[in-house]
Engineer: 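Dropping the structure in here first, questions after.
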Amino acid sequence: MHDFPLRPVTFRAAEAVRCTEDRAKAEDMRAFLFSGQAEWGALSDPEKLWVKYAAAAGADIERWRACMSARSHGAAIESDRELGLRLGVDATPTVFVGGRKIVGAVPYDTLAGAVRAELSSR
C-alpha cells in the first residue's frame, strides 16, 4: 500500500492516516476516510471531521493533532507519490499484480483472478 494523493486535501488525508500511529488504528482510520470521502471531500475544513474519525479509530487525539500540525510524514507521502509516477500511476486505486496494472475500483473477482493467474504462471 502506497499513498498517491491527487489533490492537497488527499495529501492531508494521507497524513491523517499516518498520524494514527498504531497500524490497526491506522487501517481503521483509512477505512473511515474512504467511506466518508463524499462527506469530507465537500468540506472546506475536513480535519474537524477527521478528528472524529481518529477518535473512533482509537488514536491518542493530542498526539494525532501534534503530528498533523508537524506535517512530519510529508516527505514519505511525496516519496510514495513519486514512486507511483515512475510506475505510471495516474489514478487511484491502481493495483499491480506481477506485471499487470489494474486501474480503478474493480470487483474482488477481477483482483482474485489476476492473483491466481500470476501465481499459476510461476
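Here the structure is a predicted model, which is why all the values come from computation and not from measurement.
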Engineer: How far does CD of Glu39 sit from CG of Leu49, to the nearest 0.5 angstrom?
Structural biologist: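 Rounded to the nearest 0.5 Å, the CD-CG separation comes out at 5.0 Å.
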Engineer: Decide yes or no for Phe11 and Asp3: does some side-chain heavy atom of the first lie under 4.5 Å from some side-chain heavy atom of the second?
Structural biologist: no
Engineer: Which heavy atom of Trp50 sits nearest to which heavy atom of Ala16, and what is that distance?
Structural biologist: CE3-CB, 4.0 Å
Engineer: Quick one, Arg71 and Arg12 - any side-chain contact, counting heavy atoms below 4.5 Å?
Structural biologist: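 In contact.
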Engineer: Do Thr94 and Ile102 touch side chain to side chain, with heavy atoms closer than 4.5 Å?
Structural biologist: no
Engineer: Please round to the nearest 0.5 Å and tell me the distance separating atom CD1 of Ile61 and atom OG1 of Thr20.
Structural biologist: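 Result: 7.5 Å between the selected atoms.
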Engineer: Give a yes or no on whether the backbone of Ala31 and the side-chain of Ser35 come within a donor-acceptor separation of less than 3.5 Å.
Structural biologist: yes
Engineer: Regarding Arg65 and Asp60, does a basic nitrogen lie under 4.0 Å from an acidic carboxylate oxygen?
Structural biologist: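 The answer is no: the pair does not qualify as a salt bridge.
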Engineer: Between Pro5 and Ile77, which heavy-atom pair has the shortest distance, and what is it?
Structural biologist: CG-CG2, 3.8 Å
Engineer: Are Arg122 and Glu118 ion-paired here, with the side-chain N under 4.0 Å from a carboxylate O?
Structural biologist: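 So Arg122 pairs with Glu118 through a salt bridge.
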Engineer: Quick check on the hydrophobic clustering: are Val115 and Met1 connected, directly or via other members, by side-chain heavy-atom contacts under 4.5 Å?
Structural biologist: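 No, it is not one cluster - the side chains of Val115 and Met1 are not joined through contacts under 4.5 Å.
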Engineer: Measure the OG-CD distance between Ser72 and Glu15 for me, rounded to the nearest 0.5 Å.
Structural biologist: 8.0 Å
Engineer: Quick check on the hydrophobic clustering: are Leu83 and Val103 connected, directly or via other members, by side-chain heavy-atom contacts under 4.5 Å?
Structural biologist: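 Leu83 does not cluster with Val103.
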Engineer: Of the non-hydrogen atoms in Leu33 and Trp40, which two are nearest, and what is the gap between them?
Structural biologist: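 What the structure gives for the nearest pair is O-NE1, 2.8 Å.
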Engineer: Are the side chains of Met29 and Trp64 in contact, using a 4.5 Å heavy-atom criterion?
Structural biologist: yes
Engineer: Please answer whether the main-chain N or O of Gly58 pairs with a side-chain N or O of Lys25 as donor and acceptor at a distance below 3.5 Å.
Structural biologist: yes
Engineer: If you measure from the Lys or Arg side-chain nitrogens to the Asp or Glu carboxylate oxygens, is any gap between Glu27 and Arg30 under 4.0 Å?
Structural biologist: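 So Glu27 pairs with Arg30 through a salt bridge.
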Engineer: Working to the nearest 0.5 angstrom, can you tell me the gap between Met68 CE and His73 NE2?
Structural biologist: 9.5 Å
Engineer: Roughly how far, to the nearest 0.5 Å, is CG of Leu111 from CZ of Arg100?
Structural biologist: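 Here the interatomic distance stands at 8.5 Å.
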Engineer: Output the distance between atom CG (Leu87) and atom CZ (Phe96), rounded to the nearest 0.5 Å.
Structural biologist: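 Between Leu87 CG and Phe96 CZ, I get 5.0 Å after rounding to 0.5 Å.
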Engineer: Spell out, yes or no, whether Val89 and Val97 are grouped together once hydrophobic residues are joined by side-chain heavy atoms under 4.5 Å, including indirect joins.
Structural biologist: no
Engineer: With a 4.5 Å cut-off on side-chain heavy-atom distances among I, L, V, M, F, W and Y, is there a chain of contacts connecting Val9 to Leu6?
Structural biologist: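 Different clusters.
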Engineer: If you look at every heavy atom in Lys101 and Gly88, which pair is closest and at what distance?
Structural biologist: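 Answer, listing the atom of Lys101 first, then Gly88: NZ-O, 2.5 Å.
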Engineer: Which class fits the ring pair Phe32 and Tyr53: parallel under 30°, tilted 30 to 60°, perpendicular over 60°?
Structural biologist: parallel
